Amino acid sequence: MFKRREFLKTAGAGLMLTVLPNLSWALAPAGYKRLLVLVELKGGNDGLNTVVPYGSADYYRLRPGIAVAREQVLQINGDIGLHPSLAPLMPLWRDKQLALLQGVGYPDPNLSHFRSIEIWDTASASQQYLSEGWLTRLFHEQPTPKSFAADGVVLSSQVLGPLDGGARAVVLSNPQDFARQAKLVADQQPGHAGAALEHILKVEGDIRQAAASLAPLPRTAPSEAPTAGPKPNGGFGVAVRTLTDTLDTLARGVDIAVARITLTGFDTHGNQQPVQARLLAELADGLAQLKNEMARLGRWDDTLLLTYAEFGRRPRENGNRGTDHGTANVHFALGGRVNGGLYGQTPQLAGVSEGNLAHAIDFRQLYATAIDGWWGKDSRNVLGGRFTPLPLLRG
């Protein structure tokens, strides 16, 4: 296990980390009973207007038309703060259950939507092409228990992403619809069918079993009353409610290891300010609701949420009051066991003109944090080498 000084040396010069007293580098092993929630910010969210370096004059030099006004920033310290639409996340920040990960990226970055998200989904190097998602490789090598309803569920997208290539994944619009669709698969006996047909029938049987397991429990008892307060609007809020309704089945001993939710629309080449403000508000409302619902279920301490996207945006705004494809980005980690604070490096904008930003955290370090620290598994084969987990977790 890495010592603090080894981590700081490995992570690179200039890395700014929050290091808390009595830091625990990994939790006691609990395996896949702990839930990982991945939130994809599809299109490439603009990190500089998410975690805003309002203390930098260069930030306002580079973005005279779209910068977040200093007086509107939700100040974290004298240099950076959150976009005002992220106000619902401030209680999590104050409770030290929100980590801000600055400068997340990878070497030799690719600025194509399709190729870069493939790199993130497969955890490949920039010039390496892999056919399976990183979670699929993990579950093949170190399987989830057979009692699990599925390895994972995918919401608000038909794309399996990190679960592509053979994981036991369920695309979930809502539990009732999925259960009804699964019942349409006719029961058939393989008889003298070939091996391929037998495999298909087995998969269909697994889907029917998962559908039955994932049907939500009715909320009738007072203890099962939904959390008070308004429900988040938009597709992301619907996906959050679908997930938390599905996770009510945990009371029956039914489990999944991972859930992936997609919030799309972040490819803001023009008119970025109102579009991003709306999307970040939808994200923040949904994440706050997810926290409340998981706390109601008694599962918040066993939930780790990580955001990701194919890339960030360029520091300089373009001529359409938007931003073009960039490199290093800001991401969030949330959870009851998250060591909240700042990780990575605040963007260094002095002297920047048309260029991009260097990364401070390799995205595969986030995956290693989930695999090694959260689930207590071994990430080396899955990630193709040793990537140092971040000190994000406490016991």
Side-chain angles (χ1 to χ4, degrees), residues 29-40 117-118 120-124 130-175 178-179 181-182 185 199-216 239-240 242-250 252-262 290 294 297 299 302-306 308 335 364 366-383:
Y32 296 122
K33 287 288 186 178
R34 292 196 177 105
L35 178 68
L36 175 65
V37 179
L38 299 174
V39 175
E40 179 188 15
I117 197 60
E118 181 179 63
W120 277 78
D121 282 341
T122 63
S124 71
L130 300 174
S131 60
E132 292 179 327
W134 67 275
L135 286 170
T136 298
R137 291 201 304 277
L138 173 66
F139 296 145
H140 281 170
E141 181 184 278
Q142 301 165 73
T144 60
K146 292 182 179 179
S147 61
F148 275 33
D151 295 333
V153 295
V154 176
L155 301 105
S156 56
S157 175
Q158 297 296 311
V159 178
L160 296 181
L163 290 162
D164 198 11
R168 291 193 304 146
V170 177
V171 177
L172 197 62
S173 298
N174 64 68
F178 180 79
Q181 291 170 19
V185 179
H199 173 73
I200 291 172
L201 294 174
K202 180 182 183 303
V203 170
E204 291 174 343
D206 289 344
I207 290 174
R208 289 197 299 276
Q209 182 179 358
S213 300
L214 292 174
V240 166
T242 299
L243 174 60
T244 54
D245 283 347
T246 297
L247 292 176
D248 269 336
T249 60
L250 293 173
R252 291 186 282 171
V254 175
D255 286 289
I256 57 172
V258 64
R260 202 276 305 269
I261 307 176
T262 297
L290 179 64
M294 295 307 290
L297 293 170
R299 298 288 296 176
D302 291 326
T303 300
L304 171 63
L305 186 146
L306 298 173
Y308 74 104
R364 288 162 291 190
L366 304 185
Y367 297 170
T369 303
I371 296 171
D372 297 325
W374 187 242
W375 282 328
K377 306 298 181 180
D378 189 339
S379 68
R380 287 173 294 182
N381 288 340
V382 174
L383 301 181

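From a predicted model like this one, the values you see are computed outputs, not experimental measurements.
Put simply, the side chain of Arg137 gets close to the backbone of Thr122: a donor and an acceptor are under 3.5 Å apart. Side chain of Glu141 to backbone of Val382: no donor-acceptor contact under 3.5 angstrom is found. No side-chain donor-acceptor contact under 3.5 Å links Asp121 to the backbone of Gly161. Of the possible polar contacts, none joining the Trp374 side chain to the Thr369 backbone as a donor-acceptor pair under 3.5 Å is found.
Note that CG of Leu297 is 8.5 Å distant from OG1 of Thr303, once rounded to the nearest 0.5 Å. To the nearest 0.5 angstrom, Leu135 atom CG is 11.5 Å from Asp164 atom CG. Between atom CH2 of residue Trp120 and atom CG of residue Leu366 there is a gap of 6.0 Å, rounded to the nearest 0.5 Å. Atom CD1 of Ile117 is separated from atom CD of Glu40 by 4.5 Å, given to the nearest 0.5 angstrom. With rounding to the nearest 0.5 angstrom, the CG atom of Leu383 is 11.0 Å from the OG atom of Ser124. Atoms CD1 and CG, from Ile261 and Leu38 in turn, are 9.5 Å apart once rounded to the nearest 0.5 Å.
Between Arg260 and Thr262 the shortest side-chain heavy-atom distance falls below 4.5 Å. The shortest distance between side-chain heavy atoms of Val171 and Leu160 falls below 4.5 Å. At a threshold of 4.5 Å between non-hydrogen side-chain atoms, the residues Leu35 and Leu247 count as touching.
With sequence neighbours left out, the ring-ring contact (aromatic ring centres under 6.0 Å, His included) criterion links Tyr367 to Trp134, Phe363. Every side chain to side chain donor-acceptor pair (under 3.5 Å) that Arg364 has, sequence neighbours left out, goes to Asp362. Remark: Glu132 engages no residue in a salt bridge (charged side-chain N to carboxylate O under 4.0 Å, His left out) (not counting sequence neighbours).
Lys33 pairs with exactly one of Asp302, Asp255, Thr144 by the side-chain hydrogen bond (donor to acceptor under 3.5 Å, both in side chains) rule, that one being Asp255.
Trp375 and Ala257 make their closest contact through CZ2-O, 3.3 Å (heavy atoms, listed as atom of the first residue, atom of the second, distance). Residue Gln142 comes nearest to Tyr32 through the heavy atom pair O-OH, 2.6 Å, listed as atom of the first residue, atom of the second, then distance. Val159 and Val154 make their closest contact through O-CG1, 3.6 Å (heavy atoms, listed as atom of the first residue, atom of the second, distance). Closest of all the heavy-atom pairs between Ala370 and Leu36 is CB-CD2, 4.1 Å. The two atoms that bring Leu155 and Ala239 nearest to each other are CD2-O, 3.5 Å, heavy atoms only.
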